[in-house]
Amino acid sequence: MMFYDFPIFFEKNRVYRVYTGGKLFADFFSDDSVESFYPEEWVVSAVHALNEGSTDEHEGISKIKGEELYLDEALAKYKKEILGDRDGIEILTKILNSSIRLPVQAHPDKPFSKKYFNSKYGKEESWVILGTEPGAKVFYGFKDGVTMEQFEKAIDESDNSKTVMEDLLIGYDVKVGDVIYIPAKMVHAIGAGCLLLEVQEPSDFTIQPERWCGDRKLSDNEMYIGLTKEQALECFDVNKKFPIPLEPAVISESGNMSYKSFIDDRMTETFTVRQIKLDGGKFLLDKGCTIYVVTEGDGKIIGDGYEKTVTKGDYFLVPEIIKNKFTITGNMTVVECYK
């Protein structure tokens, strides 16, 4: 039997960022995480992280548990078995925890990425709030009336002010269970004290034209990722708005199982995010090349001659070749992510 004949699990995959966080990982992953510059767990990732000065060819890429094989290598070697007819997994899923407000930022749409990065992927994204500390909030969209001229002025002033750009954005208090969709080109920033599941297009393109990230002064390259300031600012649409938080849609519900859609074609064709909530019920893993993250409780994955316990913080990939062959059961909440 090959590793792809079962749900695929991965080694922990903490990724360096220019901001600090990660202490809420200790409860979520039941480990000894503390605040550090490794505040992101990249889940089932075949995406290389863009970190200034890094020479690690595997940075950001998940390693398959029990195999001397990284996910990008596995996808090249066993494409049909894992992906079916897809070109790739086509999403990037992360769990991240910020201890500071992240820099004000936006991400490119597909035409911008094609023009400047020769990539077919932009970076639409979505958040599911998994945990909070007191005062946790996100910044989402410009306040009414903010102009591009005001934004550019604030960028210049951010050399000497850590709040001037934040003052242009709308702040929202968040709670566990909130679902937020971030269109490409929409300004946003995660605030301090948020633990969230992020599902996005599979790229690491972030344009953050704010000079400070906490106490760290960002370089022009960290702000503009190789673009000029003028090019980078094409990535911001001061008029972009979207409702917050979103209302999940019920797909099916019974006494011991509920299945809800968080992100779907109501917002985007780029990825789908759903929630499975089991109270002793069962759910068939009927989609191939799909990522599952256990966000609460515990249960089991069951198949022919196979049984594995999973608990809060576990995540796994269901390859195309094994769809419809395994079920999950127990008392747990699981988020399902796929393209």
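We're numbering straight along the sequence, starting at 1.
The two atoms that bring D314 and V310 nearest to each other are OD2-CA, 3.3 Å, heavy atoms only.
Inspection of the E41 and N13 side chains reveals no N or O donor paired with an N or O acceptor under 3.5 Å. Counting only N and O atoms by type, the side chains of H107 and H188 include a donor and acceptor under 3.5 Å apart. Judged by distance alone, the side chains of R14 and S33 do bring a donor and an acceptor atom under 3.5 Å apart. In this model, no donor atom of one side chain and acceptor atom of the other lie less than 3.5 Å apart for T270 and K339. Counting only N and O atoms by type, the side chains of E125 and Y181 include no donor and acceptor under 3.5 Å apart.
The cationic group of R266 does not satisfy the cation-pi geometry with F242, failing either the under 6.0 Å distance to the six-membered ring centre or the 45° limit from the ring axis. For the pair K308 and F9, the cation-pi criterion (under 6.0 Å, within 45° of the ring axis) is fulfilled.
Atom NZ of K94 has more than 12 heavy atoms from other residues, nucleotides or ligands within 6.0 Å. Remark: K23 NZ is loosely packed, at most 12 non-hydrogen atoms of other residues, nucleotides or ligands lying under 6.0 Å away.
In terms of the side chain to side chain contact (heavy atoms under 4.5 Å, CB included) criterion, residue partners of S158 (sequence neighbours excluded) are, by chain and number, V164, M165, E210, R211.
Residues M267 and L246 have side chains in contact (heavy-atom distance under 4.5 Å, counting atoms from C-beta outward).
A ring pair (Phe, Tyr, Trp, His ring centres under 6.0 Å) with Y292 is found for exactly one of F326, F316, Y338, namely F316.
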